Chemist: 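So that we are looking at the same thing, I have put the structure below in C-alpha cells.
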Amino acid sequence: MIIPKPARLSPEQLAEISAIVEPFGCRIQPIIGAVRNIYAIVGDERDELMTNRLEGLPYIERVDKMQSPYKLMDRRSSLSGNKIKVGNLTIGEDLLVIAGQCTIDPKNPNYFYETAHAVKEAGANSIRGGVWKPRTNPYSFQGDNKSLDILMEAHRRTGLPVDAEVMDEHQLHLAIEAGVHMLQVGARNALNYSLLRAIGGAVASRPSTVVLLKRSIHMGPLNEFISAAEYIAAFGNPNILLCPRGTSPAIDGYRNHPDESITPLLKEKTWAPVVVDPSHSVGKAAYVPACALAAVAYGADGLCIESHVSPSKGIGDDPKQALTPEVLAYTIREARQLWAARREARAHAPEGISSAK
Ligand code: PEP
Ligand code: MN
C-alpha cells in the first residue's frame, strides 16, 4: 500500500509509479478517499528493491506492506501444520524442556555427565551444553572442541537429544558430523545472515535436525526475528524453534529485559514453536523459575534452562544462573502443570482472546 505525501497523485506521478512496479509483476489500484487517496499495489509486493525505488520518490510518504516478508514461517503458510519432534516429544503434545550447563568444562567432564543424568531425571527432554562460547571478554574461556565429544557421550549415556550453539561454519560442520540433534544460533549471531544460510544449507537434507534460534539482543522487531528463521527454512528444513532470551537494555536487577511476553505476538504471526530461555533473560538462578512460569502462561511451547549439578563449580554463566537439579525438577513440574491447565482451559476459551491463544 502506497501512502503519498499529497492528497492525490497526478497522472504523471501515477505513470512513474506504474513504470516502477510493472517490471515486478505488479500494478497500482487507487483507493479513492473523501480527503485523500491511497494506492494499493496489486501483486506480490514483497520485493525490497521495488519498495526502495518507490520510497525513493520525493512525493511518497511510505510503503506499507500487507504481505508478510516470510512465506514459509507465516502462520497462514502451508507449513502451519508442521510438527517438530525433539527426541520422543512432538512439540505441542507436552511442554518441551531443554536443560543443561551453559558451558561444558572439558577439564571436568563428569560434571556434565552428572548434570545430563540429573536434568533427565528432573524431566528434561533434551540436554543443552555449550561447546563453543560467545564471550564478551576475549580473554575468557572460549570453549573447546573436546567438549563436543563430552556432549555426544552425554547423549549416549542418557539417550536424550543434545543442543549446542555454533558460531561459524567450521563449528557447524563439526557439530553436524558429530550428530548434534539441535543447533543453537546465539543472540549475537541471530542476524548473521551468512551463518543462517550456512545452517539452512547444512540442515536441509537432515529433517530430524532442529534449529533453536535465539532472538537478537537489541530489542529486535518480531518481523526481523521471524525473517531470520525464514533464512534457514528457505533451504528446505523448517524445523526451527524461536527462542526469546531477554533483550537490552536490561531491567535494573535482571541480566536483560525479559521478553517472554512477545510469545502471543509471535504466535499470531508464525506457526513456529516458541521456546523461551528464562536463564539469559533474568540472569540469576533465584529469578529463573518465575520467568519460566511466566513464559508458559504467555503460551510458550517450551523452555531452555541452564542447570548444573553443582553451579558454584561450573564455568561460563553456570555459577550465577544455573538451577540445581532439585530446583529444575520443581520448576519443570510446576511449568508442566500450568501448561496442561492452559491447554485444558483453551478448549473452552471465550471469543476475543488472541487468535493464537
Ligand atoms: C547460551 O545459551 O549460553 C548463550 C550464550 O545464549 P545467548 O546467545 O542467548 O546469549
Ligand atoms: Mn549461558
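Read the numbers this way: they start at 1 and go in the same order the structure lists the ligands and their atoms. Only this structure's heavy atoms are used, side chains among them; waters, hydrogens and symmetry mates stay out. Model, not experiment: these values are computed from the prediction.
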Chemist: Evaluate whether atom CZ of Arg76 has more than 12 neighbouring non-hydrogen atoms of other residues, nucleotides or ligands under 6.0 angstrom away.
Modeler: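 Atom CZ in Arg76 is not crowded, with 12 or fewer foreign heavy atoms closer than 6.0 Å.
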Chemist: Which distance, rounded to the nearest 0.5 Å, do you find between the CD1 of Ile17 and the CG of Leu9?
Modeler: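 Ile17 atom CD1 to Leu9 atom CG measures 4.5 Å (nearest 0.5 Å).
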Chemist: Note the single closest protein heavy atom to atom 3 (O) of ligand 1, along with its residue, its atom name and the distance in Å.
Modeler: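 In this structure, atom 3 (O) of ligand 1 has Lys133 NZ, 2.8 Å as its nearest protein heavy atom.
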Chemist: Can you list the ligand 1 atoms lying under 4.0 Å from a non-hydrogen atom of Gly186?
Modeler: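 It comes down to these atoms of ligand 1: 8 (O).
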Chemist: So, His280 and Asp317: side-chain donor and acceptor under 3.5 Å apart, yes or no?
Modeler: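 Distance-only check passes for His280 and Asp317.
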Chemist: At the 4.0 Å heavy-atom cut-off, does Cys102 count as touching ligand 1?
Modeler: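 Per 4.0 Å heavy-atom rule, Cys102 contacts ligand 1.
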Chemist: So which of the N, O or S atoms of Glu306 lies nearest the Mn ion (ligand 2)?
Modeler: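 That would be atom OE2.
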Chemist: Just checking, any donor-acceptor pair under 3.5 angstrom between side chains of Gln321 and Arg255?
Modeler: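 A donor-acceptor contact under 3.5 Å links the two side chains.
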Chemist: So, the side chain of Glu165 versus the backbone of Lys133: is there a donor-acceptor pair under 3.5 Å, distance only?
Modeler: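 The answer is no, because no donor-acceptor pair under 3.5 Å joins these two groups.
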Chemist: Of all the non-hydrogen atoms in the protein, which one sits nearest to atom 6 (O) of ligand 1, and at what distance?
Modeler: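 That would be Lys214 NZ, 2.9 Å.
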Chemist: Do Thr103 and Asp105 have a side chain donor and acceptor closer than 3.5 Å?
Modeler: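 Thr103 vs Asp105: no donor-acceptor pair found between side chains.
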Chemist: Let me confirm one number: the OG-CZ distance from Ser68 to Arg46, rounded to the nearest 0.5 Å.
Modeler: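 Going from the OG atom of Ser68 to the CZ atom of Arg46 covers 6.5 Å.
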Chemist: For Phe141, does the CZ atom sit with more than 12 other heavy atoms under 6.0 Å from it, leaving out its own atoms?
Modeler: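 For Phe141, atom CZ is crowded (more than 12 foreign heavy atoms under 6.0 Å).
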Chemist: Output the atom name for the N/O/S atom of Asp317 with the smallest distance to the Mn ion (ligand 2).
Modeler: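 Checking each N, O and S atom of Asp317, the shortest distance to the Mn ion (ligand 2) belongs to OD2.
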Chemist: Have a look at His280 and say which of its N, O or S atoms is nearest the Mn ion (ligand 2).
Modeler: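 Looking only at N, O and S atoms of His280, the one nearest the Mn ion (ligand 2) is named NE2.
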Chemist: Give me the nearest non-hydrogen protein atom to atom 10 (O) of ligand 1 as residue plus atom name, then the distance to 0.1 Å.
Modeler: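 Checking every protein heavy atom, the shortest distance to atom 10 (O) of ligand 1 gives Arg245 NH2, 2.7 Å.
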Chemist: Check this for me - ligand 1, Asp277, N or O atoms closer than 3.5 angstrom, yes or no?
Modeler: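 No, since none of the N or O atoms of Asp277 sits under 3.5 Å from an N or O of ligand 1.
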Chemist: Measure the distance from atom 8 (O) of ligand 1 to every protein heavy atom, then report the residue, atom name and distance (to 0.1 Å) of the closest one.
Modeler: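 Among all protein heavy atoms, the one nearest atom 8 (O) of ligand 1 is Ala187 N, 2.7 Å.
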Chemist: Closer than 2.8 Å to the Mn ion (ligand 2), do we get an N, O or S atom from Asp318, backbone or side chain?
Modeler: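 False for Asp318.
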Chemist: Backbone or side chain, does any N or O of Arg255 fall under 3.5 Å from an N or O of ligand 1?
Modeler: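 Between Arg255 and ligand 1, no N or O pair is found under 3.5 Å apart.
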Chemist: How far is atom 4 (C) of ligand 1 from its nearest protein heavy atom, and which residue and atom name does that atom have?
Modeler: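 Protein heavy atom with the smallest distance to atom 4 (C) of ligand 1: His280 NE2, 3.4 Å.
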Chemist: Do Asn125 and Lys120 have a side chain donor and acceptor closer than 3.5 Å?
Modeler: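 Checked: Asn125/Lys120 side chains show no N/O donor-acceptor pair below 3.5 Å.
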